[in-house]
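Worksheet: one structure, shown below.
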Amino acid sequence: DGHPFVIERPSLYVESILLAEIPDTNTSDNNAMRPAEASLARLISLGMLGAGNEVSFYASEAADLAGTLLYYAGFPLPFPATLACRTLLPALVQALICPISTFAFKREAVWALWNAVDIPDKVWIFPPELLDGNEQWNVFDVQKDLLAEIIRASPDETARALIDLLSTDADATEASLSLIDLLLRRELDSSKVQLGGKKISTLFEEAGLVDALWRICDEDTDESANAEMAAEILDDFYEQEEEEEVDESLQSGHFQFQTPCIPEGGFNFGA
């Protein structure tokens, strides 16, 4: 329909879902919740009611659709998918951390969250007209804001939920591990994210990440991408801490090898 934010690429016409029933954007309030994203958020919330398989199925389908739409998040505001993150990310996080959410529902939720923040792989589709002359916009700044939105509301619960998915199938593990890796690497500690005074690496360590990563590495027999990513996280964020623990143990007297008491005349090595 010639809307300025509908990119002329067939794969991106899903944005029209978010723009449905929206009046002229030149006069409408860009901060208003749009009908499509509000409806999706309500459908996703149904999966947290424990109301049965049918409800859980529709909630999972809504989370899947949200992930498709949020794949194009990251363009500068007021691009519809980026704006929709304000409504859909909190709903997806609640689906992920809810104790009665089904595994299938959580898997769709974590993939939707990952789609929203997996920005570098889709930079090539960003339309030049949105990038040219927009020097103040940086794709990684948008990515960091989205990651902060995911972790800040319930940091401990979110960390535990992501780690729990690492012991499930390879598909859920891939999305959860990728999201954990990005959360650790985007320097959220230096931002305004409140994590109870903890570094984000400490947050995940206390939730059991190190043991989960070792299990992925130990159980891998195919040199999978998941195992490689798990090993890199261990090397980059937790190897130094393990070395420091060993050094402290040595300094405190643990692992000291006492000089053996040799009897007078020495040991008898006779046959």
Side-chain angles (χ1 to χ4, degrees), residues 11-12 14-15 17-18 36-37 39-48 53 55-75 80-82 84-123 125 142-151 153-154 157-186 204 207 209 212-213 216 224-230 233:
S11 63
L12 299 189
V14 292
E15 293 295 346
I17 296 174
L18 293 173
E37 60 204 60
S39 297
L40 276 177
R42 284 195 294 271
L43 285 171
I44 291 169
S45 69
L46 293 177
M48 294 173 270
N53 292 334
V55 170
S56 297
F57 170 78
Y58 289 121
S60 296
E61 290 294 298
D64 181 38
L65 177 57
T68 301
L69 297 173
L70 294 183
Y71 180 83
Y72 304 105
F75 293 91
T82 307
C85 286
R86 179 192 55 196
T87 303
L88 294 177
L89 289 188
L92 291 166
V93 170
Q94 289 304 310
L96 179 66
I97 67 177
C98 179
I100 61 174
S101 293
T102 65
F103 166 67
F105 185 33
K106 290 185 177 184
R107 180 172 56 191
E108 294 296 349
V110 75
W111 267 109
L113 292 169
W114 172 239
N115 279 348
V117 298
D118 183 24
I119 292 176
D121 287 342
K122 55 198 176 189
V123 168
I125 66 171
V142 177
Q143 183 187 60
K144 186 181 290 189
D145 288 342
L146 297 178
L147 288 166
E149 185 67 26
I150 290 171
I151 197 68
S154 304
E157 292 84 354
T158 303
R160 285 194 295 268
L162 289 171
I163 292 169
D164 286 345
L165 287 176
L166 298 183
S167 60
T168 58
D169 64 31
D171 188 45
T173 296
E174 179 185 353
S176 183
L177 190 60
S178 298
L179 188 52
I180 290 171
D181 181 71
L182 198 56
L183 283 164
L184 288 168
R185 296 187 187 281
R186 279 296 170 259
F204 277 104
L209 177 60
L213 294 175
I216 292 173
S224 66
N226 286 343
E228 183 178 347
M229 189 184 307
I233 293 173

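Being a predicted model, the structure only gives us computed values, none of them experimental.
For the pair P90/E149, a side-chain contact is recorded, criterion being any heavy-atom separation below 4.5 Å from C-beta on. Residues F105 and S56 are not in side-chain contact: their nearest non-hydrogen atoms beyond the backbone lie 4.5 Å or more apart. Between L89 and L70, some side-chain heavy-atom pair lies under the 4.5 Å cut-off. In this structure, S154 and Q94 have side chains that are in contact, with non-hydrogen atoms separated by less than 4.5 Å. L43 has its side chain out of reach of L65: every pair of non-hydrogen atoms, C-beta onward, lies at least 4.5 Å apart. A heavy-atom distance below 4.5 Å is not found between the side chains of L46 and Y58. N115 is not listed as a side-chain neighbour of Y72, based on a closest heavy-atom distance of 4.5 Å or more. The closest side-chain heavy-atom distance from T158 to L162 is below 4.5 Å.
When all heavy atoms of E37 and T87 are compared, the closest pair comes out as OE2-OG1, 3.4 Å. The two residues A95 and M48 have their closest heavy-atom pair at N-SD, 3.6 Å. Taking all atoms of both residues into account, the shortest heavy-atom contact from L146 to A73 is CD1-CB, 4.3 Å. Shortest non-hydrogen contact noted between I44 and A91 is CG2-O, 3.7 Å. For the residue pair A116 and C85, the shortest heavy atom distance occurs at CB-SG, 4.5 Å.
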Exercise for the section: Would you sort out whether I180 and L166 count as a side chain to side chain contact (heavy atoms under 4.5 Å, CB included), showing the intermediate values? Expected result: CA-CA 10 Å; I180 290 171; L166 298 183; 4.0 Å; yes
Problem - Stepwise side chain to side chain contact (heavy atoms under 4.5 Å, CB included) check, F204 with I233 - result: CA-CA 11 Å; F204 277 104; I233 293 173; over 6 Å; no
Exercise for the section: Before giving the answer on side chain to side chain contact (heavy atoms under 4.5 Å, CB included), spell out for L179 and L183 the whole-Å C-alpha distance, their side-chain angles and the decisive distance to 0.1 Å. Expected result: CA-CA 6 Å; L179 188 52; L183 283 164; 4.2 Å; yes
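Between the CG atom of D64 and the CG atom of L40 there is a distance of 10.5 Å, given to the nearest 0.5 Å. Remark: L165 CG to L96 CG distance equals 6.0 Å, nearest 0.5 Å. With values rounded to the nearest 0.5 angstrom, I151 atom CD1 is found 15.0 Å from R186 atom CZ. Between atom CG of residue D171 and atom CZ of residue R107 there is a gap of 6.0 Å, rounded to the nearest 0.5 Å. How far CG of L113 is from CD1 of I150: 4.5 Å, rounded to the nearest 0.5 Å. Note that the NZ atom of K144 and the CG atom of L182 stand 11.0 Å from one another [nearest 0.5 Å].
By the salt bridge (charged side-chain N to carboxylate O under 4.0 Å, His left out) test, E174 is found to be paired with no residue, residues two or more places apart in sequence or in another chain being considered. Applying the side chain to side chain contact (heavy atoms under 4.5 Å, CB included) criterion to S39, with sequence neighbours excluded, gives R42.
Under a 3.5 Å cut-off, the side chain of E108 and the backbone N or O of A63 do not form any donor-acceptor pair.
Under a 4.0 Å N-O distance rule, the pair D164/R160 does not qualify as a salt bridge.
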